[in-house]
Each structure stands twice: as structure tokens, then as C-alpha cells.
Amino acid sequence: MALDIKICGLKTDDALAAALAGGASHVGFIFFAKSPRYVAPEEAGRLRQVAIGKASAVAVTVDAGDAFLDEIVEKMHPDMLQLHGSETPERVAGVKARYGLPVMKALSVSEAADIERTKPFIGIADRFLFDAKPPKGSELPGGNGIAFDWRILAGLDAGVDYMLSGGLNAANIGDALQLANPPGIDISSGVESAPGVKDPALIEQFFRAVRAARDNRAA
């Protein structure tokens, strides 16, 4: 099974180059002002040009209104929209209809019951992203470097397409792949030297760890 790998929260040429060199299938740009990974739509559009034909460019938003989404789509030209807030199934359907783009809906997970929250979105969201619930007091819905119990995902209905996120890094990705066997993975803080500062060396190290984990499973 092919494994999709998304490097999220990219802001610099060097980090994007490392993500593409490692074989990222998706590159994510964050449009949430409170995040240290925030990037302006114009700059994301410039970086996105480098990824054309190499990886799908994902615009990550948090409860964004139509005006801001219009600006992002116009200036960045993303391949996919990721809705990482409290968007309802109706909002997801509306965004899909407005832009004609696939939508990935992020859901926060901490216990098995949280998986049930996928059901109203089935047939609407094109893909899910399962992230750990943020710690109390955090203003960030994601990118907090926290993992959840990956075994929870065993309760998912067959055929649910998703990316696993939350606290992934080179040290634990082998366990994550073994326990959850996800169709896709998403990493942000796990390849940073400081909040919002992607480290090309850590990105390269992460891809090496993914390849080693997959080689071990195939052996």
C-alpha cells in the first residue's frame, strides 16, 4: 500500500525542498494567524509553484470565512483544502461546492468515541485527518506535538481514508505505522528545531525513519 506523507506548516524554500526531496506526497501551508507556522497567501502561492507536479499543495484553515478562503484559493491555487476547525458537515459541503476542490476534515481524537464523529462527514469530506486533542489553554488546534493512542483507529470503518497526525517524529513513526497502518501521515512540529522553524535535516531524518520502518515490515 502506498503511504501518503504530508509535511505541514512549510514557510521556507529550504524546508519545502527537503520535503520534496524526501518524497512528500503532500505539502501543507497554514493560514491561521495565531500559528507560528502562518504564511501569507501570496508567499504560499510562490512556494506552491515549486511543488507543482511533485506534491499536492494543501491549504490549512481554521473556521475561515468565504472571503479569506477566496483569497487563499485565488493567490495560492491549492490542490486541496484542509478544514481544521469546528466546521460542520454542511460547511464542508458548502466549501467543496464553492471551490470545486477536495476537502480534508481534521478531527481531534483522544478516545475511541471520538472516531464516531467521522460519521456525519462520510460521503462529504474526501479525507480525514486525525490529530490529538490540543492541551488545555492551547490556541492551536494542531501542531502541538501531542500524540494520541493510535490503537483507537482500529475501530474505524473499512474504507475511511485518513491521515494520522499528532506528535509524530522519527523516533515513533515506526510504532505508529505498525499500530495504526494508516494510509497517510502528517507531520509538523516533529521536524522543527523551534516552533514554526522547519529543520531540513530533521525532515530528511524523518523520511529515513519512515523508509526503515516500512523496510522492516516488508522483511
Could you please spell out the steps behind the side-chain hydrogen bond (donor to acceptor under 3.5 Å, both in side chains) verdict for Lys198 and Ser188? CA-CA 8 Å; Lys198 291 289 182 294; Ser188 184; 3.2 Å; yes
Taking all heavy atoms of [X] and all of [Y], pick out the closest pair and write down the distance.
X      : Y      : answer
Arg214 : Ala2   : NH2-C, 4.2 Å
Val92  : Ile124 : CG1-CG2, 3.7 Å
Leu10  : Phe29  : O-CD2, 3.4 Å

Are any non-hydrogen side-chain atoms of [X] and [Y] less than 4.5 angstrom apart?
X      : Y      : answer
Lys96  : Asp126 : yes
Arg127 : Lys105 : no
Pro182 : Leu177 : yes
Val103 : Leu83  : yes
Val58  : Leu81  : no
Pro183 : Asp4   : no
Ser110 : Phe148 : no

Please check if the side chain of Ser35 supplies one atom and the backbone of Phe32 the other of a donor-acceptor pair under 3.5 Å. no
Would you check if there is a donor-acceptor pair between the side chains of Ser108 and Asp114 at a distance under 3.5 Å? no
Looking only at the side chains, is there a donor atom on one of Asp186 and Ser165 sitting less than 3.5 Å from an acceptor on the other? yes
Would you mind listing every ring-ring contact (aromatic ring centres under 6.0 Å, His included) that reaches into residues 157-194, with sequence neighbours excluded? Phe130-Tyr162
Would you call Glu42 and Arg46 a salt bridge, taking side-chain N to carboxylate O under 4.0 Å as the test? no
ring-ring contact (aromatic ring centres under 6.0 Å, His included) against Phe31, all qualifying residues, sequence neighbours excluded: none
Would Ile152 and Ile115 count as a side-chain contact (heavy atoms from CB on, under 4.5 Å) if you check the C-alpha gap in whole Å, the side-chain angles of each, and the deciding distance to 0.1 Å? CA-CA 8 Å; Ile152 290 170; Ile115 297 299; 3.4 Å; yes
